[in-house]
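In each ligand, atom 1 is the first atom listed, and ligand 1 is the first ligand listed.
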Amino acid sequence: MIFENNLAFARQMDQQDPLRELRNEFLFPQQNGKPFIYLCGNSLGLQPKTAKHHIDEQLSNWHNLAVEGWFEGKSPWMFYHKRLKELIAPIVGANPQEVSPMNTLTVNLHLLMVSFYRPSGKRFKIIMEAGAFPSDQYAIESQVRYHGYDPKEAIIEVAPKAGEHTLRTADILAAIADQGDEIALVLFGGVNYFTGQWYDMPAITKAGHTAGAIVGFDLAHAAGNVPLQLHNWDVDFACWCSYKYQNSGPGGISAIFVHEKHFEDKAMNRFAGWWGYQEQERFKMAKGFVPEVGADGWQVSCTQVIPMSLYYASLRIFEKAGFIEPLREKSKKLTAYLFYVIDQVNKSLGEVQYQIITPATEADRGAQVSIVAKHNAKEVFNALMLNNILGDWREPNVIRLSPVPLYNSFEDVFITGEHLMKISKELV
Ligand SMILES: *Cc1c(COP(=O)(O)O)cnc(C)c1O
């Protein structure tokens, strides 16, 4: 696609965008009476306008029905999660039975590792990406210790080559082949939070299985961002938070995926709770845990209706968009346009002041563009903020900008480039 660095072009792209009306579904933060250009959906998605309605509905149910709300009303709380499962499944490429909203992300990572990290004999290692999100590092280390192993021996981190920022698929696959029958689990991110690199998930899954290992993914930065086919790729398990690209609000509910091939595995460990018990028999309050079939069998506590109602508000917008494929089509163009605009800024400055560390190949990235600013990084970031452009800052000098197809426009991207150019010229 041939891009142009001017407002008329950006507006024409917006005119041709079939999803352009969706931004009206969201509330934008403001500064001095003007909405921000919000490029931080990788960290916390915007609030759907309908969020209040969906919470209010549950507050009314609570008011009017109180405890009867579990079984009475238009949408009894007992089954509330089922309406979410139907809408979550197409976003991650799963059957509704394979997904379930529950808890928060790191908690789910622990619960799933209880089931899927089963070290025995010489097969006890975990392969992961170097520089994974800290919560994942801590969760994995503590799980390894819990099983009595030394994280230094049990955790194999795949790192970029010297001087590079992102991983080469060949290096990931080689590390898996190399450790072979010593690997119990391959546990990777889908999209890396720092670089925005989208890993080759089908290839990693296949290599992990060839080595005889279980393969799981943390999809915090991938779910709702890039198209996933968890079922067809034969991924064993996954989990994600919904407050980033899926706009469910701060501390929003997480969701899990468990491949249906594991549903019959009776020997699998779980940390069980009453809500994972067979739904039909749950209120018999019998002794001896019998899990519900499917991902719901991993539920521990009763349905978190209020946070789920927020996730539901956002999922309805995904449904309106036609789920992930139309969003991905727009996202590819938006992100490519941001690459182009940043390149134009560098050209105009006569040097690479903004080095993009996110992969240049479309298939290896989602919406996020991570930029290393050579000079005055923090000042540039602050000046963007003063100009109503809200990105995301990572020490020591990385600015992450994520044009989200649900609510960002080509005009947003163009204006960001204009300000970046102006700010850089003033600062240098
Ligand atoms: C955002 C993120 C988290 C956050 O975990 P919470 O338990 O929701 O606080 C964890 N892991 C990854 C990879 C993330 O990107």
Side-chain angles (χ1 to χ4, degrees), residues 39-46 84 88 91-92 99-114 116-117 126-144 155 157-159 165-167 172 185-199 201 204 215-226 228 230 235 237-257 271 298-301 304 306-308 310-311 314 357-358 365-370 391-395 398 400-402 404:
L39 298 172
C40 211
N42 59 303
S43 188
L44 182 70
L46 290 179
L84 278 81
I88 293 169
I91 295 178
V92 295
V99 296
S100 188
M102 62 179 79
N103 312 314
T104 44
L105 173 54
T106 311
V107 169
N108 283 337
L109 200 54
H110 276 298
L111 292 175
L112 289 168
M113 285 185 77
V114 164
F116 288 99
Y117 176 50
I126 299 177
I127 300 239
M128 65 185 292
E129 83 231 59
F133 193 84
S135 201
D136 298 44
Q137 295 184 39
Y138 308 149
I140 294 169
E141 272 173 29
S142 60
Q143 286 278 340
V144 161
I155 299 175
E157 292 190 341
V158 188
H165 292 277
T166 50
L167 290 178
I172 302 173
L185 174 64
V186 176
L187 184 48
F188 251 73
V191 171
N192 182 271
Y193 82 102
F194 192 76
T195 62
Q197 178 178 17
W198 180 17
Y199 301 115
M201 296 173 58
I204 292 170
V215 181
F217 288 94
D218 182 329
L219 301 173
H221 285 265
N225 174 18
V226 290
L228 302 167
L230 299 182
V235 169
F237 72 92
C239 48
W240 54 92
C241 52
S242 59
Y243 51 78
K244 290 170 181 167
Y245 292 97
Q246 294 183 82
N247 319 301
S248 71
I253 195 120
S254 165
I256 68 162
F257 163 87
F271 283 173
W298 271 263
Q299 294 175 108
V300 178
S301 296
Q304 295 162 268
I306 301 283
M308 276 191 205
L310 287 171
Y311 193 8
S314 171
I357 59 173
T358 302
R365 67 183 190 220
Q368 177 184 322
V369 180
S370 300
D392 175 279
W393 172 255
R394 287 287 139 170
E395 294 290 347
V398 174
R400 297 185 299 176
L401 303 176
S402 302
V404 173

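- Scanning Val191, Leu105, Thr104 for the heavy atom closest to atom 10 (C) of ligand 1 points to Leu105.
- Less than 4.0 angstrom separates some heavy atom of Ala220 from each of these atoms of ligand 1: 2 (C), 12 (C), 13 (C), 14 (C), 15 (O).
- For atom 11 (N) of ligand 1, the closest non-hydrogen atom on the protein side is Asp136 OD1, 2.6 Å.
- Closest heavy-atom approach to atom 5 (O) of ligand 1 among the candidates Leu44, Val107, Thr106: Thr106.
- Among the candidates Gln197, His221, Glu129, the single residue satisfying the side-chain hydrogen bond (donor to acceptor under 3.5 Å, both in side chains) test with Asn192 is Glu129.
- If you number the atoms of ligand 1 from 1 as listed, the ones under 4.0 Å from a heavy atom of Asp218 come out as 11 (N), 12 (C), 13 (C).
- Atom 13 (C) of ligand 1 has its closest protein heavy atom at Phe133 CB, 3.3 Å.
- The shortest heavy-atom contact between Ile91 and Gly224 is CG2-N, 3.7 Å.
- Ligand 1 has no nitrogen or oxygen under 3.5 angstrom from a nitrogen or oxygen of Ser135.
- When all heavy atoms of Ser43 and Lys244 are compared, the closest pair comes out as O-CG, 3.4 Å.
- Nearest protein heavy-atom neighbour of atom 9 (O) of ligand 1: Tyr243 OH, 3.6 Å.
- Ring planes of Phe116 and Trp298: parallel class, angle under 30° (limits at 30 and 60°).
- Comparing Lys244, His221, Gln137, His110 against atom 14 (C) of ligand 1, the shortest heavy-atom distance belongs to Lys244.
- Here the rule is ring pair (Phe, Tyr, Trp, His ring centres under 6.0 Å) with Tyr193, and of Trp240, Phe133, Trp198, Tyr245 only Phe133 fits it.
- Taking each heavy atom of Gly216 and Leu185 in turn, the nearest pair found is N-CD1, 4.3 Å.
- Between Val191 and Asn225, the shortest heavy-atom distance links the atoms CG2-ND2, 4.2 Å.
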